[in-house]
Amino acid sequence: MQQTMQERPVDAAAPAGGKAAGEVLLQVKDLKVAYGGIQAVKGVNFEVRRGELVSLIGSNGAGKTTTMKAVTRGLPMADGEIFYLGQSIRNKGAWDLVAQGLVMVPEGRGVFARMTITENLLMGAYTRNDKAGIQADIERMFGIFPRLKERKDQLAGTMSGGEQQMLAMARALMSQPKVLLLDEPSMGLSPIMVDKIFEVVSDVYALGVTMVLVEQNASRALAIADRGYVMESGLITMTGQGRELLDDPRVRAAYLGE
Ligand SMILES: Nc1ncnc2c1ncn2[C@@H]1O[C@H](COP(=O)(O)OP(=O)(O)OP(=O)(O)O)[C@@H](O)[C@H]1O
Ligand SMILES: [Mg+2]
(Lines give C-alpha, C1' and ligand atoms only; values in the text may rest on other atoms or scores of the structure.)
(Ligands and ions follow the chains in the order given, each with its own letter.)
Protein backbone atom coordinates (compact mmCIF):
# COMPACT_ATOMS: atom_id res chain seq x y z
CA MET A 1 0.00 0.00 0.00
CA GLN A 2 1.27 3.44 -0.82
CA GLN A 3 1.53 6.05 1.83
CA THR A 4 -0.12 9.43 1.70
CA MET A 5 2.16 12.40 1.50
CA GLN A 6 1.72 13.18 5.15
CA GLU A 7 2.68 9.72 6.25
CA ARG A 8 5.59 9.52 3.91
CA PRO A 9 8.74 9.92 5.96
CA VAL A 10 10.84 12.90 5.06
CA ASP A 11 14.38 11.68 4.57
CA ALA A 12 16.40 12.31 7.68
CA ALA A 13 19.33 13.26 5.48
CA ALA A 14 17.30 15.82 3.59
CA PRO A 15 18.69 19.31 3.86
CA ALA A 16 16.55 21.94 5.47
CA GLY A 17 17.73 25.13 3.91
CA GLY A 18 21.06 24.05 2.50
CA LYS A 19 22.40 21.64 5.11
CA ALA A 20 23.77 18.16 4.47
CA ALA A 21 22.24 16.73 1.31
CA GLY A 22 20.87 13.23 0.68
CA GLU A 23 21.88 10.84 -2.06
CA VAL A 24 21.93 11.89 -5.70
CA LEU A 25 18.50 11.28 -7.28
CA LEU A 26 19.09 12.89 -10.64
CA GLN A 27 22.36 13.28 -12.45
CA VAL A 28 22.81 14.91 -15.83
CA LYS A 29 26.15 14.36 -17.51
CA ASP A 30 27.36 16.27 -20.54
CA LEU A 31 23.85 16.49 -21.97
CA LYS A 32 23.50 17.71 -25.52
CA VAL A 33 20.19 18.30 -27.26
CA ALA A 34 19.63 19.58 -30.79
CA TYR A 35 16.66 20.73 -32.82
CA GLY A 36 17.52 19.64 -36.33
CA GLY A 37 21.05 20.88 -36.86
CA ILE A 38 20.87 23.51 -34.15
CA GLN A 39 22.33 22.62 -30.78
CA ALA A 40 20.25 24.14 -27.99
CA VAL A 41 21.94 22.32 -25.08
CA LYS A 42 25.68 21.95 -25.52
CA GLY A 43 27.03 19.80 -22.70
CA VAL A 44 25.17 20.39 -19.47
CA ASN A 45 26.06 18.87 -16.10
CA PHE A 46 24.04 19.05 -12.92
CA GLU A 47 22.78 16.92 -10.09
CA VAL A 48 19.91 16.95 -7.64
CA ARG A 49 20.09 15.33 -4.22
CA ARG A 50 17.26 14.07 -2.08
CA GLY A 51 15.47 16.85 -0.26
CA GLU A 52 17.11 19.65 -2.23
CA LEU A 53 15.52 22.58 -3.94
CA VAL A 54 17.71 23.34 -6.94
CA SER A 55 17.02 26.41 -9.07
CA LEU A 56 18.00 26.65 -12.71
CA ILE A 57 18.04 30.22 -13.93
CA GLY A 58 18.94 31.86 -17.21
CA SER A 59 17.54 34.19 -19.80
CA ASN A 60 15.13 33.45 -22.66
CA GLY A 61 16.39 30.77 -24.99
CA ALA A 62 19.21 29.60 -22.68
CA GLY A 63 18.04 25.99 -22.99
CA LYS A 64 16.31 25.45 -19.65
CA THR A 65 13.08 23.99 -21.00
CA THR A 66 14.99 21.92 -23.54
CA THR A 67 17.04 20.45 -20.67
CA MET A 68 13.93 19.64 -18.63
CA LYS A 69 12.29 18.00 -21.64
CA ALA A 70 15.33 15.81 -22.25
CA VAL A 71 15.39 14.82 -18.57
CA THR A 72 11.77 13.68 -18.78
CA ARG A 73 12.21 11.95 -22.16
CA GLY A 74 10.13 14.52 -24.00
CA LEU A 75 13.07 15.15 -26.32
CA PRO A 76 15.85 12.79 -27.44
CA MET A 77 19.40 13.33 -26.20
CA ALA A 78 21.99 13.95 -28.88
CA ASP A 79 24.73 13.02 -26.46
CA GLY A 80 25.48 12.56 -22.77
CA GLU A 81 23.82 10.55 -20.04
CA ILE A 82 21.04 11.09 -17.54
CA PHE A 83 20.73 8.93 -14.45
CA TYR A 84 17.59 8.84 -12.35
CA LEU A 85 17.72 6.87 -9.11
CA GLY A 86 21.08 5.58 -10.24
CA GLN A 87 19.84 4.17 -13.55
CA SER A 88 20.29 5.50 -17.05
CA ILE A 89 17.01 6.79 -18.47
CA ARG A 90 18.09 5.95 -22.01
CA ASN A 91 15.85 2.91 -22.27
CA LYS A 92 12.95 4.31 -20.33
CA GLY A 93 9.85 6.02 -21.70
CA ALA A 94 8.37 9.24 -20.41
CA TRP A 95 5.59 7.33 -18.65
CA ASP A 96 8.01 4.95 -16.93
CA LEU A 97 9.75 7.94 -15.44
CA VAL A 98 6.51 9.47 -14.19
CA ALA A 99 5.56 6.15 -12.62
CA GLN A 100 8.98 6.15 -10.92
CA GLY A 101 8.40 9.61 -9.55
CA LEU A 102 10.16 11.96 -11.98
CA VAL A 103 7.41 14.44 -12.70
CA MET A 104 7.39 17.77 -14.52
CA VAL A 105 4.95 20.64 -14.41
CA PRO A 106 5.58 22.04 -17.89
CA GLU A 107 5.86 25.64 -18.94
CA GLY A 108 2.32 26.79 -19.67
CA ARG A 109 0.89 24.34 -17.12
CA GLY A 110 -1.16 22.00 -19.33
CA VAL A 111 -4.13 21.35 -17.09
CA PHE A 112 -7.06 19.43 -18.56
CA ALA A 113 -9.27 22.40 -19.41
CA ARG A 114 -12.51 20.48 -19.80
CA MET A 115 -12.16 18.59 -16.57
CA THR A 116 -12.96 19.88 -13.10
CA ILE A 117 -10.31 20.54 -10.51
CA THR A 118 -11.10 17.32 -8.70
CA GLU A 119 -10.94 15.34 -11.94
CA ASN A 120 -7.57 16.90 -12.76
CA LEU A 121 -6.26 15.87 -9.35
CA LEU A 122 -7.48 12.32 -9.89
CA MET A 123 -5.69 12.26 -13.25
CA GLY A 124 -2.50 13.12 -11.40
CA ALA A 125 -2.91 9.95 -9.37
CA TYR A 126 -3.37 7.66 -12.35
CA THR A 127 -0.28 5.64 -11.53
CA ARG A 128 -1.66 4.84 -8.06
CA ASN A 129 -4.29 2.37 -6.98
CA ASP A 130 -4.62 3.18 -3.29
CA LYS A 131 -8.07 4.71 -3.24
CA ALA A 132 -8.03 5.83 0.38
CA GLY A 133 -4.55 7.33 0.04
CA ILE A 134 -5.60 9.20 -3.09
CA GLN A 135 -8.63 10.64 -1.32
CA ALA A 136 -6.48 11.65 1.63
CA ASP A 137 -3.98 13.34 -0.69
CA ILE A 138 -6.78 15.26 -2.45
CA GLU A 139 -7.79 16.62 0.93
CA ARG A 140 -4.16 17.48 1.63
CA MET A 141 -3.94 19.34 -1.68
CA PHE A 142 -7.02 21.31 -0.67
CA GLY A 143 -5.20 22.14 2.57
CA ILE A 144 -2.11 23.40 0.71
CA PHE A 145 -4.16 25.11 -2.00
CA PRO A 146 -7.40 26.38 -0.41
CA ARG A 147 -8.29 28.16 -3.65
CA LEU A 148 -8.64 24.78 -5.34
CA LYS A 149 -10.99 23.53 -2.68
CA GLU A 150 -13.31 26.49 -3.10
CA ARG A 151 -13.48 25.71 -6.80
CA LYS A 152 -13.23 21.95 -6.85
CA ASP A 153 -16.12 21.43 -9.28
CA GLN A 154 -15.11 24.26 -11.61
CA LEU A 155 -13.73 23.44 -15.05
CA ALA A 156 -9.97 23.92 -15.00
CA GLY A 157 -10.02 25.88 -18.26
CA THR A 158 -12.09 28.63 -16.65
CA MET A 159 -9.65 29.31 -13.83
CA SER A 160 -7.15 32.18 -13.75
CA GLY A 161 -3.53 31.63 -14.78
CA GLY A 162 -2.33 31.50 -11.18
CA GLU A 163 -5.06 29.08 -10.18
CA GLN A 164 -4.17 26.85 -13.11
CA GLN A 165 -0.54 26.90 -12.01
CA MET A 166 -1.58 25.81 -8.54
CA LEU A 167 -3.71 23.06 -10.00
CA ALA A 168 -0.84 21.88 -12.19
CA MET A 169 1.43 21.68 -9.14
CA ALA A 170 -1.22 19.93 -7.05
CA ARG A 171 -1.88 17.47 -9.86
CA ALA A 172 1.83 16.68 -10.09
CA LEU A 173 2.02 16.18 -6.31
CA MET A 174 -0.85 13.68 -6.52
CA SER A 175 1.55 11.32 -8.29
CA GLN A 176 3.81 11.35 -5.20
CA PRO A 177 6.89 12.58 -7.06
CA LYS A 178 10.38 11.81 -5.86
CA VAL A 179 11.69 14.69 -7.96
CA LEU A 180 9.36 17.47 -9.06
CA LEU A 181 10.48 19.67 -11.96
CA LEU A 182 8.74 23.04 -12.20
CA ASP A 183 9.26 24.95 -15.44
CA GLU A 184 8.69 28.68 -14.84
CA PRO A 185 5.74 28.43 -12.47
CA SER A 186 5.60 32.21 -12.00
CA MET A 187 5.55 33.06 -15.69
CA GLY A 188 2.87 35.54 -16.73
CA LEU A 189 1.34 35.93 -13.29
CA SER A 190 0.45 39.07 -11.35
CA PRO A 191 2.81 40.10 -8.52
CA ILE A 192 0.39 38.82 -5.88
CA MET A 193 0.09 35.46 -7.63
CA VAL A 194 3.87 35.28 -8.02
CA ASP A 195 4.17 35.74 -4.25
CA LYS A 196 1.62 33.01 -3.71
CA ILE A 197 3.37 30.59 -6.07
CA PHE A 198 6.75 31.07 -4.38
CA GLU A 199 5.08 30.60 -1.02
CA VAL A 200 3.57 27.32 -2.19
CA VAL A 201 6.88 26.15 -3.67
CA SER A 202 8.52 26.79 -0.29
CA ASP A 203 5.71 24.93 1.48
CA VAL A 204 6.06 21.92 -0.81
CA TYR A 205 9.84 21.96 -0.29
CA ALA A 206 9.28 22.04 3.46
CA LEU A 207 7.25 18.84 3.09
CA GLY A 208 10.45 17.18 1.90
CA VAL A 209 9.71 17.06 -1.83
CA THR A 210 12.89 17.30 -3.91
CA MET A 211 12.51 19.99 -6.54
CA VAL A 212 14.09 21.58 -9.56
CA LEU A 213 12.78 25.08 -10.06
CA VAL A 214 13.34 26.61 -13.49
CA GLU A 215 12.78 30.34 -13.30
CA GLN A 216 13.45 33.66 -14.96
CA ASN A 217 12.65 35.30 -11.65
CA ALA A 218 16.24 34.75 -10.54
CA SER A 219 16.17 36.59 -7.25
CA ARG A 220 13.12 34.77 -5.92
CA ALA A 221 14.26 31.39 -7.22
CA LEU A 222 17.77 31.69 -5.75
CA ALA A 223 16.52 33.07 -2.44
CA ILE A 224 14.66 29.84 -1.65
CA ALA A 225 17.11 27.38 -3.27
CA ASP A 226 19.70 25.19 -1.60
CA ARG A 227 21.75 25.36 -4.76
CA GLY A 228 21.44 27.01 -8.12
CA TYR A 229 22.75 26.71 -11.64
CA VAL A 230 23.00 29.51 -14.16
CA MET A 231 22.46 28.54 -17.78
CA GLU A 232 23.56 30.62 -20.75
CA SER A 233 23.45 29.69 -24.43
CA GLY A 234 23.11 25.99 -23.78
CA LEU A 235 25.76 25.70 -21.08
CA ILE A 236 25.92 25.88 -17.29
CA THR A 237 28.12 28.87 -16.58
CA MET A 238 27.87 29.15 -12.81
CA THR A 239 26.82 27.06 -9.86
CA GLY A 240 26.77 27.46 -6.12
CA GLN A 241 24.54 27.76 -3.09
CA GLY A 242 21.40 29.77 -3.71
CA ARG A 243 22.49 32.66 -1.50
CA GLU A 244 26.02 32.62 -2.88
CA LEU A 245 24.74 33.04 -6.42
CA LEU A 246 22.26 35.66 -5.32
CA ASP A 247 25.12 37.71 -3.88
CA ASP A 248 27.44 37.16 -6.85
CA PRO A 249 28.03 40.44 -8.72
CA ARG A 250 27.95 38.66 -12.09
CA VAL A 251 24.53 37.18 -11.35
CA ARG A 252 23.32 40.51 -10.03
CA ALA A 253 24.49 42.29 -13.15
CA ALA A 254 23.13 39.77 -15.63
CA TYR A 255 19.86 38.68 -14.01
CA LEU A 256 18.90 41.21 -11.38
CA GLY A 257 19.53 44.34 -13.40
CA GLU A 258 22.19 45.75 -11.09
N1 LIG B 1 10.87 23.01 -31.07
C2 LIG B 1 11.95 23.75 -31.31
N3 LIG B 1 12.49 23.79 -32.55
C4 LIG B 1 13.60 24.53 -32.81
N5 LIG B 1 14.25 25.25 -31.88
C6 LIG B 1 13.76 25.24 -30.64
C7 LIG B 1 12.58 24.50 -30.28
N8 LIG B 1 12.33 24.69 -28.97
C9 LIG B 1 13.29 25.52 -28.53
N10 LIG B 1 14.14 25.85 -29.52
C11 LIG B 1 15.33 26.72 -29.40
O12 LIG B 1 16.21 26.18 -28.45
C13 LIG B 1 16.79 27.21 -27.65
C14 LIG B 1 16.51 26.93 -26.17
O15 LIG B 1 15.11 27.05 -25.93
P16 LIG B 1 14.45 26.73 -24.54
O17 LIG B 1 12.98 26.75 -24.72
O18 LIG B 1 15.06 25.52 -23.99
O19 LIG B 1 14.92 27.99 -23.68
P20 LIG B 1 14.53 28.43 -22.21
O21 LIG B 1 15.80 28.61 -21.48
O22 LIG B 1 13.52 27.52 -21.65
O23 LIG B 1 13.90 29.88 -22.47
P24 LIG B 1 12.62 30.59 -21.78
O25 LIG B 1 13.13 31.15 -20.49
O26 LIG B 1 12.28 31.67 -22.75
O27 LIG B 1 11.54 29.59 -21.61
C28 LIG B 1 16.20 28.51 -28.16
O29 LIG B 1 17.12 29.08 -29.04
C30 LIG B 1 14.94 28.07 -28.88
O31 LIG B 1 14.63 28.95 -29.94
MG1 LIG C 1 11.58 27.75 -21.06
Side-chain angles (χ1 to χ4, degrees), residues 26-48 53-82 84 89 93-94 97-98 102-111 161-162 164-169 171-172 177 179-191 193-194 197-198 201 211-225 227-240 242 245-246 248 250-258:
L26 180 66
Q27 184 165 35
V28 175
K29 281 188 168 173
D30 206 23
L31 174 69
K32 295 180 182 146
V33 188
Y35 295 105
I38 299 170
Q39 217 170 53
V41 173
K42 301 170 183 167
V44 155
N45 292 279
F46 68 92
E47 62 176 34
V48 181
L53 170 52
V54 173
S55 289
L56 178 60
I57 64 162
S59 41
N60 289 116
K64 305 180 298 295
T65 297
T66 303
T67 301
M68 290 302 118
K69 284 185 177 165
V71 164
T72 51
R73 294 306 258 158
L75 278 174
M77 294 179 239
D79 203 1
E81 265 300 350
I82 299 173
Y84 175 60
I89 69 165
L97 290 173
V98 172
L102 184 60
V103 179
M104 174 158 71
V105 177
E107 215 173 29
R109 291 129 208 175
V111 299
Q164 290 190 29
Q165 182 62 51
M166 289 184 201
L167 177 58
M169 285 170 61
R171 190 182 65 189
V179 177
L180 181 61
L181 313 171
L182 301 175
D183 194 354
E184 305 227 23
S186 80
M187 188 169 58
L189 301 182
S190 69
M193 256 319 164
V194 170
I197 292 294
F198 276 98
V201 169
M211 277 192 282
V212 178
L213 175 60
V214 174
E215 263 296 335
Q216 288 216 30
N217 193 331
S219 59
R220 302 290 293 267
L222 292 175
I224 60 171
R227 292 187 304 108
Y229 293 90
V230 179
M231 194 164 183
E232 287 168 27
S233 310
L235 288 167
I236 301 288
T237 51
M238 285 166 93
T239 182
L245 287 176
L246 194 53
D248 190 299
R250 289 166 296 174
V251 173
R252 300 199 77 85
Y255 300 102
L256 308 176
E258 288 180 10

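When a ligand or atom number is given, it counts from 1 through the structure's own listing order. Excluded from the calculations below are hydrogen atoms, water molecules and symmetry mates; all remaining heavy atoms, backbone and side chain alike, are included.
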* Could you tell me if any non-hydrogen atom of Gly63 lies under 4.0 Å from any atom of ligand 1? => yes

* **Short side-chain to backbone donor-acceptor contact, Thr239 and Val230, under 3.5 Å** => no

* So how far is it from Gln27 CD to Phe46 CZ, rounded to the nearest 0.5 Å? -> 10.0 Å

* **Per-atom contacts of ligand 1 with Ala40, taking only distances under 4.0 Å to non-hydrogen atoms** => 12 (O), 13 (C)

* Under-4.0 Å protein heavy-atom contact, atom 30 (C) of ligand 1 -> no

* Looking only at atom types and distance, does a side-chain atom of Lys42 sit under 3.5 Å from a main-chain N or O of Ser233, one as donor and one as acceptor? -> yes

* To do: Give a yes or no answer on whether the side chain of Lys64 reaches the backbone of Gly58 with a donor-acceptor pair at less than 3.5 Å.
  => yes

* What pair of heavy atoms forms the shortest contact from Ile57 to Ala218, and how long is it? -> CD1-CB, 3.7 Å

* Can you tell me if Met231 has a non-hydrogen atom under 4.0 Å from ligand 1? -> no

* To do: Check Leu31 against Val41 and note the closest heavy-atom contact, atom names and distance.
  => O-CG1, 3.3 Å

* Structure fact -> shortest atom 27 (O) of ligand 1-to-protein heavy-atom contact is with Glu107 OE2, 2.6 Å

* Asked: Is Gly61 close to ligand 1, meaning an N/O of one under 3.5 Å from an N/O of the other?
  -> yes

* Asked: Which ligand 1 atoms does Gln216 reach within 4.0 Å, using its non-hydrogen atoms?
  -> 24 (P), 25 (O), 26 (O)

* Of the backbone and side-chain N, O or S atoms of Glu184, does one lie nearer to the Mg ion (ligand 2) than 2.8 Å? -> no

* Asked: Is the closest side-chain donor-acceptor distance between Ser55 and Glu215 under 3.5 Å?
  -> no

* Asked: Going by the atom numbers of ligand 1, which of them fall below 4.0 Å from some non-hydrogen atom of Thr65?
  -> 17 (O), 18 (O), 20 (P), 22 (O), 27 (O)

* If you measure every N/O of Thr67 against every N/O of ligand 1, is any gap under 3.5 Å? -> no

* **Exercise: identify the closest heavy-atom pair between Ile197 and Ser186** => CG2-N, 4.5 Å

* Do you know which two heavy atoms are closest between Ile224 and Leu53, and how far apart they sit? -> O-CD2, 3.2 Å

* **atom 16 (P) of ligand 1 protein-contacted (non-hydrogen atom, under 4.0 angstrom)** => yes

* Asked: Hey, which N, O or S atom on Glu107 ends up closest to the Mg ion (ligand 2)?
  -> OE2

* Against heavy atoms of Thr66, which atoms of ligand 1 measure under 4.0 Å? -> 14 (C), 15 (O), 16 (P), 18 (O)

* Asked: Among all protein non-hydrogen atoms, which one is nearest to atom 26 (O) of ligand 1, and what is the separation to 0.1 Å?
  -> Asn60 ND2, 2.7 Å

* To do: Using 2.8 Å as a strict upper limit, say whether an N, O or S atom of Thr65 approaches the Mg ion (ligand 2) that closely.
  => yes

* Identify the two heavy atoms, one from Leu189 and one from Val194, that lie closest to each other, and give their separation to 0.1 Å. => O-CG2, 3.6 Å

* List the closest protein heavy-atom neighbour of atom 9 (C) of ligand 1: residue, atom name, distance to the nearest 0.1 Å. => Tyr35 CE1, 3.3 Å

